[in-house]
Structures are given as C-alpha cells and as structure tokens.
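For reference, the structure discussed in these notes is given below.
The first residue in the sequence is number 1, and the count goes up from there. This structure is a prediction, so every number in the text was calculated from the model and none was measured. Any value given below was found using the heavy atoms of this structure, including those in side chains, with hydrogens, waters and symmetry copies removed.
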Amino acid sequence: MTVSELDSLPTVDEERPSRSMLFVPGSNAAWISTVHVYGADYVMFDLEDSVSLREKDTARLLVREAIASPIWRERSVAVRINAIDTPFFAADLDAVVSAGVSIVRLPMVRDAEMIRDLDAELTRLEEHYGIEPGRTRILAAVESASGVVNAVQIATASPRMWGIALAAYDYVMDMHTVHDAAVDESQLFYARCAILHAARVAKIHCYDVVFSEVNNIEGFLREVAVLKRLGFDGKSLVNPRQIEPLHRALAPTAGEVEHAHRVIVAAQEADRIGLGVVSLDGKMIDSPIIAAAQRTIRLARVSGVDPKAAR
C-alpha cells in the first residue's frame with residue numbers, strides 16, 4: 001500500500017472509547033445475554049480458544065443469534081472466529097457476517113495475504129447478504145514472530161482494518177520463552193513496540209495482551225502501566241473485574257486534563273488573532289502537542305473526568 005493510499009484510510013472513531021475488549025466464550029449462553037451490563041467498551045464473542053471442539057457448532061449458532069438480537073443490534077459487536085486455515089473458518093465467517101457483526105477478529109495472522117484473503121471473503125459475503133460493502137471491519141491478532149515482523153504490512157493490508165492486537169501465549173512459545181509479568185516485561189517489549197508502530201502507521205486501534213491472572217489486580221495494573229506508557233489504546237480482557245481498574249488506570253489525571261485544556265485554549269487564541277506561532281508558558285506548541293491535548297480531553301470525557309472541573 002502506497003503512502004497516498006495510507007492517507008486515504010478511514011480513521012478510527014476517537015470519540016468512542018476503546019480501552020477495553022472483553023472476551024466472552026461463545027458457548028456460554030448465560031454470559032452472552034448479560035455481559036452488556038459490565039461496561040466494557042467492546043465485547044468480543046469468542047468462537048476460538050474458549051470453545052471446545054464439540055461445542056463449535058453450538059457456539060456459532062448462539063453467537064449468531066446474539067448478534068441479531070435487539071440487545072446487541074445497536075451495539076458494535078466483535079467476534080473472534082477460528083483461524084483461516086481451520087475447518088471452522090468458513091462457517092464462522094458466514095454466520096457472523098450474515099448476522100451483521102461489526103468487527104471480525106482473525107487469530108494467528110502471520111502476513112498481509114491472510115488479511116487480503118479475509119477481505120475478499122467479507123466482500124463476497126456482504127454482496128451475498130445485501131450488506132453495505134466494506135461495513136465489516138477487521139481486527140488482526142498477531143501471535144507469532146512472523147506476525148510481529150510483518151506487522152506494518154498486516155495493519156495496512158486492507159481498508160477494512162479496524163485494529164491490531166498482540167496475543168502473548170503463542171507468541172512467547174514461538175520465541176522459546178515465557179511471559180511472566182511478575183518478573184519483567186522484556187519478553188514482549190519488541191513485539192509491543194512493533195504492533196504499536198504498525199497501528200500508528202495505519203491509523204487503527206492497538207490492543208495489548210490478555211492478563212490471565214484475574215485475581216492478581218496488582219500485577220494487572222503494573223502491566224496496564226506499561227501499555228499506557230507505550231501508548232496502546234486498550235487491552236484485551238478475560239474477566240469483568242478487570243474493566244473498572246483498567247478504565248481508571250488509563251484515565252488522565254486532573255493535572256493532565258488541565259494542561260491539555262490550557263494548550264487547546266492557547267491554540268484557539270493564537271488562531272483567533274492570526275498568530276502563526278502558538279506558545280504556552282514561554283514554550284512553543286506545535287501541532288503534535290495540540291493533537292495530544294485533544295486526545296487527552298477526549299479520553300477524559302469517555303473516562304468520566306470532567307475537563308471543566310479540572311481547571
């Protein structure tokens with residue numbers, strides 16, 4: 001994809017929060033019907049790892065009916081289907097697209113060709129079911145060394161790309177190591193940086209790995225601090241108890257909101273009087289700083305931090 005084509009890619013909806021993506025086993029009917037009350041930014045119905053082989057068909061039917069139900073019809077729903085080289089892929093994709101899924105998460109993405117193949121299948125199914133062309137978006141899950149190395153090509157492989165996510169378990173196995181957040185985060189540092197850079201090039205969302213120790217909130221928050229410093233948009237979750245701590249940890253502080261507000265006011269004032277240079281407290285403010293301030297204000301809004309109250 002050329003630079004001009006990259007510039008024409010649709011940008012993500014930054015007004016909508018994208019901090020948390022909660023996995024829900026597609027075979028768990030009770031959870032599917034109630035999970036919307038927990039307040040995750042996105043719910044990810046899972047047809048892959050959390051569903052046993054003997055439950056694949058049942059889970060597919062449950063998820064299809066859920067997506068088409070009034071509870072989820074007005075919500076953006078994501079589904080993790082089975083990998084493109086499995087016997088479940090075609091049936092999974094047909095079921096969720098026909099039901100009107102918003103985002104398809106494709107696991108085990110190794111290269112851009114897999115995204116292009118998925119794009120072609122989505123186009124065919126949208127035409128078959130009379131769905132607006134290009135409506136179904138793609139979230140690519142990178143879970144291998146080859147996927148990390150090819151991250152930019154994956155992230156820019158299709159205008160349908162909505163996000164890219166790092167999945168730790170298979171990746172660290174591929175790298176002959178383990179992910180032990182209690183010790184340090186060095187095993188994932190390169191992969192996180194590669195995925196994040198790819199997302200920023202493609203102007204799409206970027207999600208960090210699942211933290212599976214649901215009772216270890218202290219460890220979870222240490223990992224959240226890492227992803228926040230790096231610049232991730234959010235994190236994949238496996239338990240509703242992780243939602244509120246994640247949202248709270250990612251929220252900007254009152255001081256950050258106050259500074260962002262001052263930057264925006266200074267920029268607006270400079271524009272009003274026709275100044276070509278914006279300054280605040282004797283320091284020049286350029287467009288990246290202004291854009292960062294705008295992101296802080298948007299995040300404050302979705303996090304429930306009142307920018308006016310922070311002044």
Side-chain angles (χ1 to χ4, degrees), residues 20-38 40 42-69 71-72 75-110 114-115 117-118 121-122 125 136 138-144 146-147 163-175 178-181 207-216 220 235-243:
S20 54
M21 182 167 284
L22 179 64
F23 277 96
V24 177
S27 55
N28 191 326
W31 201 1
I32 288 174
S33 65
T34 59
V35 70
H36 61 280
V37 305
Y38 291 113
Y42 284 89
V43 168
M44 174 76 67
F45 295 137
D46 186 27
L47 297 176
E48 196 210 13
D49 283 350
S50 68
V51 178
S52 67
L53 291 178
R54 62 184 177 83
E55 293 180 306
K56 293 290 187 185
D57 292 340
T58 300
R60 188 183 303 119
L61 290 173
L62 284 172
V63 168
R64 185 187 187 285
E65 291 304 310
I67 296 171
S69 72
I71 293 177
W72 294 104
R75 294 177 170 89
S76 293
V77 178
V79 176
R80 179 169 70 172
I81 61 174
N82 284 276
I84 204 166
D85 54 359
T86 68
F88 310 106
F89 167 78
D92 286 354
L93 195 64
D94 185 283
V96 300
V97 172
S98 65
V101 71
S102 299
I103 302 166
V104 172
R105 174 164 170 152
L106 184 66
M108 308 298 290
V109 178
R110 298 182 299 273
M114 298 178 76
I115 297 299
D117 288 345
L118 174 58
E121 282 300 299
L122 289 172
L125 289 169
T136 316
I138 298 172
L139 171 59
V142 170
E143 311 183 38
S144 65
S146 58
I164 188 168
L166 180 62
Y169 182 78
D170 287 289
Y171 170 72
V172 295
M173 294 297 102
D174 199 26
M175 293 299 294
V178 294
H179 175 217
D180 189 352
Y207 278 88
D208 191 45
V209 302
V210 162
F211 189 88
S212 58
E213 299 176 37
V214 296
N215 294 321
N216 184 2
F220 174 74
K235 192 169 182 63
S236 301
L237 306 177
V238 292
N239 192 288
R241 284 183 292 170
Q242 297 173 323
I243 297 171

Quiz item: Could you walk me through whether L139 and M44 pass the side-chain contact (heavy atoms from CB on, under 4.5 Å) check?
Solution: CA-CA 11 Å; L139 171 59; M44 174 76 67; 3.7 Å; yes
Exercise. Return the minimal non-hydrogen interatomic distance between D85 and R110, and the atom names on each side.
Key: OD2-NH1, 3.9 Å
Exercise. Any chance you could measure L166, atom CG, to E143, atom CD, to the nearest 0.5 Å?
Key: 8.5 Å
Practice problem: Answer yes or no: is there a donor N or O on one side and an acceptor on the other, between the side chain of K235 and the main chain of Y207, under 3.5 Å? | Solution: no
Determine all donor-acceptor pairs shorter than 3.5 Å in which one atom belongs to a side chain in residues 77-84; sequence neighbours excluded.
{"unit_1": "R80", "atom_1": "NE", "unit_2": "D46", "atom_2": "OD1", "d": "2.7"}
{"unit_1": "R80", "atom_1": "NE", "unit_2": "E48", "atom_2": "OE1", "d": "3.2"}
{"unit_1": "R80", "atom_1": "NH1", "unit_2": "E48", "atom_2": "OE1", "d": "3.3"}
{"unit_1": "R80", "atom_1": "NH2", "unit_2": "D46", "atom_2": "OD1", "d": "3.3"}
{"unit_1": "R80", "atom_1": "NH2", "unit_2": "D46", "atom_2": "OD2", "d": "2.8"}
{"unit_1": "N82", "atom_1": "OD1", "unit_2": "K56", "atom_2": "NZ", "d": "2.9"}
{"unit_1": "N82", "atom_1": "ND2", "unit_2": "L47", "atom_2": "O", "d": "2.9"}
{"unit_1": "N82", "atom_1": "ND2", "unit_2": "D92", "atom_2": "OD2", "d": "2.7"}

Quiz item: Rounded to the nearest 0.5 Å, how far does CG of L62 lie from CH2 of W31?
Solution: 14.5 Å
Practice problem: Give, for atom OH of Y169 and atom CG of D49, the distance between the pair rounded to the nearest 0.5 Å. | Solution: 10.0 Å
Self-check item: Residue pair I32 / A66: nearest heavy atoms and the distance that separates them
Solution: CG2-CB, 3.4 Å
Exercise. Go through the steps to decide whether T136 and L125 satisfy the test side-chain contact (heavy atoms from CB on, under 4.5 Å), and finish with yes or no.
Key: CA-CA 10 Å; T136 316; L125 289 169; over 6 Å; no
Exercise. Side-chain contact test, heavy atoms from C-beta onward, threshold under 4.5 Å: evaluate it for R241 versus F220 and give yes or no.
Key: no
Quiz prompt | Interatomic distance, F89 atom CZ to L118 atom CG [nearest 0.5 angstrom] | solution = 5.0 Å
Exercise. For residues S33 and I71, report the shortest heavy-atom separation together with the two atoms involved.
Key: O-CD1, 4.1 Å
Quiz item: Hey, are the side chains of V209 and Y171 touching, using non-hydrogen atoms and a 4.5 Å cut-off?
Solution: no
Quiz prompt | Side-chain touch H36/V43, heavy atoms, less than 4.5 angstrom | solution = no
Quiz prompt | 4.5 Å side-chain heavy-atom contact, W72 and V63 | solution = no
Self-check item: Minimum-distance pair of heavy atoms, taken over all atoms of S50 and P25
Solution: OG-CA, 3.3 Å
Quiz item: Roughly how far, to the nearest 0.5 Å, is CG of N239 from CZ of F211?
Solution: 12.0 Å
Practice problem: Evaluate the criterion side-chain contact (heavy atoms from CB on, under 4.5 Å) for residue pair R105 and F23; output intermediate values, then yes/no. | Solution: CA-CA 11 Å; R105 174 164 170 152; F23 277 96; 3.6 Å; yes
Quiz item: Is there a side-chain contact (heavy atoms from CB on, under 4.5 Å) between F45 and V96 once you walk through the steps?
Solution: CA-CA 10 Å; F45 295 137; V96 300; over 6 Å; no
Practice problem: Compare every heavy atom of R60 with every heavy atom of A91, then report the nearest pair and how far apart it is. | Solution: O-CD, 3.4 Å
Quiz item: Looking at CD1 of I243 and CG of L22, how far apart are the two atoms once the value is rounded to the nearest 0.5 Å?
Solution: 5.0 Å
Quiz item: Minimum heavy-atom separation for S20 to A40, with atom names?
Solution: OG-CA, 3.5 Å
Quiz item: Strictly by modelled atom types, are E55 and S52 linked by a side-chain donor-acceptor pair under 3.5 Å?
Solution: yes
